[in-house]
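Everything below concerns the one structure shown next.
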Amino acid sequence: MKCQSSLMKNSIKQILEDRFNREIVLERPRSKEFGHFATPVAFSMAKELRKSPMVIAEDLAKELDGVPQFAKVEPVKGYINLHLSEEFLNSHADEALLSEDNFGRGDKNERVLLEFVSANPTGPLHIGHARGAIYGDTLLRLGRHLGYKIDAEYYINDAGRQIDLLGLSLYYAGSVHIVGRYMAEPEEYYRGDYIIDLAKEAHSELSDDIFSEKDREDNISKLSSWGKEMMMEEIKSNLFKVGIEFDLFVSEKSLYTKWNDSLKELKKLGGIFEQDDKLWLKSTEHGDEKDRVVVRENGVPTYLAGDIIYHHNKFERDYDKYINIWGADHHGYIKRVESAIEFLGYSSQRLEVLLTQMVSLLKNGQPYKMSKRAGNFILMRDVVEEVGSDAIRFTFASKRPDISLEFDLSDLTKEDSSNPIYYINYAHARIHSLLSKSSFSQSEIMQSRIADIDLEQKELLFNALRLPEVIEEAFNHRETQKLTEYLHSLASSYHSFYNNTPVVGVENEKSLLKLSLVVANSIKTALKIMGIEAKNRM
RNA sequence: GCGUCUGUAGUUCAACUGGAUAGAACGACGGACUUCGGAUCCGUAGGUUAGGGGUUCGAUUCCUCUCAGGCGUGCCA
């Protein structure tokens, strides 16, 4: 049998649509007795045909007699339940095993610019940043698997007050803690151990008198730019430890030279007006609550100006689609950025802003407040060191981004069976161990045909083969938890199978091993997309 | 107040974006191979899907109102 697509669902849908000549809704039934797929199409036809759904379903089912993809077609209470044939499943199994970890690889060719993390280089990443980072990276991997040409970009906020504040904080910490000179406490500055550590480093790396009062402003500015570089290195290394790498880094500071160009473009379409000696973006024209200042009366552009230049720059690079992952506290910016994009002459439809909600932490059941200014925050680096990249990746990927997350640190540091990553790896390791016990070679197994399997085993096979659909669904809906849910349920089905079915030495050994191989391949592939390597042994 | 996200089992979360009897994990309780890895499996208990109204063959999902919570509501970044 020729199989046109690795998506079983699509090929089945196509068959039905060709037969019935209408749009078909295909769903996965809740219970496995209802088959692998089902369609409620008879319900929607009931009105126009003025017959009961039951009768219609029976008629339609008869029309599907003899279609080789189906082992059984059953009308039940108006639904048409479809049971796939072994032949159909075998052809997909072969494809899966031949593609290895390219199973479900797509050929979408859209160019996408995915911007995420973009944390200010004024401190190391904390646990809150980790969520956006892991969510973004998982989407990136999903999209790339489907063939999208995606560039991962980090926007560096290396201009403005935050950076000045970093320099001042280092200067203050150095003055007080290193040279031991009194200095009035600044009104606002970054605290935390990392500032003191960094100040020490500055003292030895830059110069001995970097904290001296002579040339104070000059010293602070040196500390700013040096500190920023150091923090960017720190951030990159934090990310690298969980397998995240960016293709592009764009500096806000370097873009500022383009402000006049952007301003000119905005004016061209009437996006700018002057009032009270300030320049305003007429963002209300595109649905914002109020117009926004882009240049203050002292001539200094606002933060929004930076975002405008940046998005201007993005759109000049001409991707098909732009995805931004922002913390939910920035949601107010969506309208104004979209508005600027429209005034620049582009369609804001090409921009999609995804928000990740806050992560709030408990420590032994008590709320744990994080504040970068106060310096009490939980570093991503520390958590990764404690629980490992795999666990933190799985945890964040398994939650929808739009719920605000609350978890206890002590839960995350647990390393017991409640950790799904163990559960899933264990299934994979078991399969690997079965293969080494068997006297059949891998190629013998792959050349065999899966046959004489019972309903439960068929369901397991079907689940393993669903991976391409899951990947597409997860990416299309930007919901990474689909993948983790899938992995868990696949591992669970396999453990169940393993516990009640001997494999090595039974008559149907090759068949069952091939089934296991398909499962292992899907687990391995899905984990790889999550930035996790499947274990053969634990 | 306005904008926005959320509200599902004791807890943390799912539910194929409108489909059949709302599912997992943790926790609790009770069980299972002298045999391929017991980090596993099987079972039990636990629900007015925050609440009311609406749309339709059908609603956790869509609309609307109410209630509760997070975030935002700088010419900070």
Side-chain angles (χ1 to χ4, degrees), chain A residues 9 25-31 33-34 38-40 42-44 46-47 52-53 76-79 81 120 122 157 159-163 165 188 252 276 278-280 288-290 292-298 300-304 306-307 327-335 355-358 360 395 398-408 411 414-420 422-423 425-427 429-438 466 469-470 473 476-477 479 481-482 484-486 488-489 491-492 494-506 509 512 516 537-538:
Chain A
K9 191 171 183 176
V25 172
L26 204 60
E27 65 186 48
R28 230 172 49 241
R30 287 199 192 283
S31 162
E33 293 109 67
F34 295 149
T39 175
F43 290 98
S44 44
K47 207 176 243 179
S52 86
V76 179
K77 293 195 292 189
Y79 288 87
N81 296 335
N120 290 345
T122 53
N157 286 114
R161 226 168 68 84
Q162 307 280 343
I163 295 298
L165 221 50
E188 208 181 350
E252 178 186 11
D276 306 329
K278 300 164 203 170
L279 295 184
W280 299 70
D288 198 3
E289 304 173 317
K290 48 184 175 184
R292 309 287 173 175
V293 172
V294 289
V295 179
R296 306 176 179 94
E297 56 218 77
N298 60 10
V300 179
T302 61
Y303 178 73
L304 178 59
D307 261 343
D329 50 342
H330 284 63
H331 85 259
Y333 267 78
I334 298 177
K335 277 272 160 57
L355 301 175
T356 55
Q357 292 291 329
M358 302 286 116
S360 53
T395 303
S398 64
K399 314 289 181 195
R400 271 172 47 206
D402 52 9
I403 59 164
S404 47
L405 202 57
E406 182 182 275
F407 61 85
D408 202 305
D411 287 347
K414 272 186 202 156
E415 264 200 47
D416 56 22
S417 58
S418 67
N419 194 334
Y422 285 95
Y423 187 78
N425 267 322
Y426 188 36
R430 277 179 149 175
I431 294 169
H432 194 259
S433 144
L434 280 186
L435 289 170
S436 61
K437 288 230 159 57
S438 168
R466 268 180 49 223
E469 283 147 42
V470 175
E473 233 176 76
N476 288 347
H477 297 297
E479 292 186 345
Q481 84 281 0
K482 305 253 186 221
T484 59
E485 290 272 318
Y486 169 77
H488 193 274
S489 84
S492 168
Y494 192 79
H495 282 307
S496 176
F497 157 76
Y498 182 94
N499 265 275
N500 61 32
T501 317
V503 175
V504 175
V506 301
E509 177 173 344
L512 296 181
S516 302
R537 204 171 297 120
M538 305 187 54

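Numbers restart at 1 for each chain; the letters A, B, ... are given by sequence-line order, proteins then strands. These figures come from a predicted structure and were not determined experimentally.
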Next item on the list: Using a 4.0 Å cut-off on protein heavy atoms (strictly under), produce a 5'-to-3' string for nucleotides 6-12 of chain B with B for base contact, S for backbone-only sugar-phosphate contact, and - for none.
Entry: S-----S

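For B:A20, the OP1/OP2 oxygens have a side-chain nitrogen or oxygen of A:Arg30 closer than 4.0 Å. Phosphate proximity of B:A24 to A:Ser489: absent, as no side-chain N or O sits under 4.0 Å from OP1 or OP2. Of the side-chain N and O atoms in A:Lys482, one or more sit less than 4.0 angstrom from OP1 or OP2 of B:A15. A:Arg430 has a side-chain polar atom (N or O) that falls below the 4.0 Å cut-off from OP1 or OP2 of B:G38. For B:U73, neither phosphate oxygen OP1 nor OP2 lies less than 4.0 angstrom from any side-chain nitrogen or oxygen of A:Lys335. Residue A:Arg292 places none of its side-chain N or O atoms closer than 4.0 Å to OP1 or OP2 of B:C76. Between A:Gln357 and the phosphate of B:U4, there is no side-chain N or O to OP1/OP2 separation shorter than 4.0 Å.
No donor-acceptor distance shorter than 3.5 angstrom exists from the side chain of A:Arg292 to the backbone of A:Trp280, with no hydrogens or angles considered. Here the side chain of A:Lys9 pairs a donor or acceptor atom with the backbone of A:Leu26 at under 3.5 angstrom. Without hydrogens or angle criteria, A:Ser496 side chain to A:Ser492 main chain gives no donor-acceptor distance under 3.5 Å. Checking side-chain atoms of A:Thr501 against main-chain N and O of A:Phe497 turns up a donor-acceptor pair under 3.5 Å. Panel note: side chain A:His331, backbone A:Ala328; a donor-acceptor pair is recorded below 3.5 Å. The closest donor-acceptor contact from the side chain of A:Asn298 to the backbone of A:Val300 lies under 3.5 Å.
A gap of 8 Å separates the P atoms of B:U48 and B:G10, to the nearest Å. Between B:G54 and B:G47, the distance separating the two C1' atoms is 24 Å to the nearest Å. Comparing the same atom, C1', in B:A45 and in B:C65 gives a spacing of 37 Å after rounding to whole Å. Comparing the P positions of B:G18 and B:U64 gives an interatomic distance of 16 Å, to the nearest angstrom. Taking atom P in both B:U55 and B:C63, the straight-line distance is 15 Å, to the nearest Å. B:G70 and B:C76: their P atoms are spaced 27 Å apart (whole Å). One P atom belongs to B:A9, the other to B:C13, and the distance between them is 11 Å to the nearest Å. Across the P atoms, B:U49 and B:A22 are found 10 Å apart, a figure rounded to whole Å.
For B:A77, its base sits under 3.5 Å from the side chain of A:Tyr333 at one donor and acceptor pair at least. The base of B:G3 sits with one of its N or O atoms less than 3.5 Å from a complementary donor or acceptor on the side chain of A:His331. The base of B:A20 is paired with the side chain of A:Asn81 by a donor and an acceptor separated by under 3.5 Å.
A:His495 has its NE2 atom 16 Å from the C1' atom of B:A32, to the nearest Å. Rounded to an integer number of Å, the gap from A:Ile431 CD1 to B:U40 P is 15 Å. Atom C1' of nucleotide B:U73 and atom CG of A:Asp329 are separated by 12 Å, given to the nearest angstrom. Atom OH in A:Tyr423 sits about 14 Å away from atom C1' in B:G37, given to the nearest Å. Rounded to whole angstrom, the span from the NZ atom of A:Lys77 across to the C1' atom of B:A20 amounts to 6 Å.
The side chain of A:Tyr303 lies closest to B:A77 when the candidates are B:A77, B:A20, B:G72. Ranking B:A25, B:G70, B:G19 by closeness to the A:His488 side chain, first place goes to B:A25. You'll find that the side chain of A:Met538 is closest to B:A39, out of B:A39, B:C36, B:A15. The side chain of A:Val76 approaches B:A20 more closely than any other nucleotide in the set B:A39, B:A20, B:C36. Out of B:G19, B:C75, B:C41, the shortest distance to the side chain of A:Asn499 is found at B:C41.
Shown here, B:U17 is classed syn by the O4'-C1'-N9-C4 or O4'-C1'-N1-C2 angle, which is within 90° of 0. Base orientation of B:G74: syn, since the glycosidic angle falls within 90° of 0.
Each of A:Gln481, A:His477, A:Lys482 was evaluated against A:Arg400; a single residue qualifies, A:Gln481, per the side chain to side chain contact (heavy atoms under 4.5 Å, CB included) test.
Using a 4.0 Å heavy-atom distance criterion, A:Glu27 is classed as a base contact. Backbone-only contact: A:Ala328 has heavy atoms under 4.0 Å from sugar-phosphate atoms and none from a base. A:Thr356 comes within 4.0 angstrom of no nucleic acid atom, judged by non-hydrogen atoms across all strands. Looking at heavy-atom distances under 4.0 Å, A:Ser433 makes contact with a base. A:Glu479 comes within 4.0 angstrom of a nucleotide base, judged by non-hydrogen atoms across all strands. Residue-level contact check: A:Ala159 touches the backbone only, with heavy atoms under 4.0 Å from sugar-phosphate atoms and none from bases.
Nearer to the 5' terminus of RNA chain B, by closest-nucleotide assignment, is the contact made by A:His477 (compared with the other of A:Ser492 and A:His477).
Under the stacking criterion of a centre-to-centre distance below 5.5 angstrom and an interplanar angle below 30°, A:Phe34 sits stacked against the six-membered ring of B:A20.
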Notebook entry, point to check: How would RNA chain B look in dot-bracket form, 5' to 3', counting Watson-Crick and G-U wobble pairs with both distances under 3.5 Å and writing | for bases paired to another strand?
Noted result: (((((((..((((.....[...)))).(((((.......))))).....(((((..]....))))))))))))....

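Put simply, the side chain of A:Asp329 reaches to within 4.5 Å of the side chain of A:Met358, judged on heavy atoms.
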Next item on the list: Might you work through the side-chain contact (heavy atoms from CB on, under 4.5 Å) test for A:Arg430 and A:His495, ending with a clear yes or no?
Entry: CA-CA 9 Å; A:Arg430 277 179 149 175; A:His495 282 307; 2.9 Å; yes

Next item on the list: Quick one: do A:Tyr303 and A:Arg161 satisfy side-chain contact (heavy atoms from CB on, under 4.5 Å)? Show the steps, please.
Entry: CA-CA 10 Å; A:Tyr303 178 73; A:Arg161 226 168 68 84; over 6 Å; no

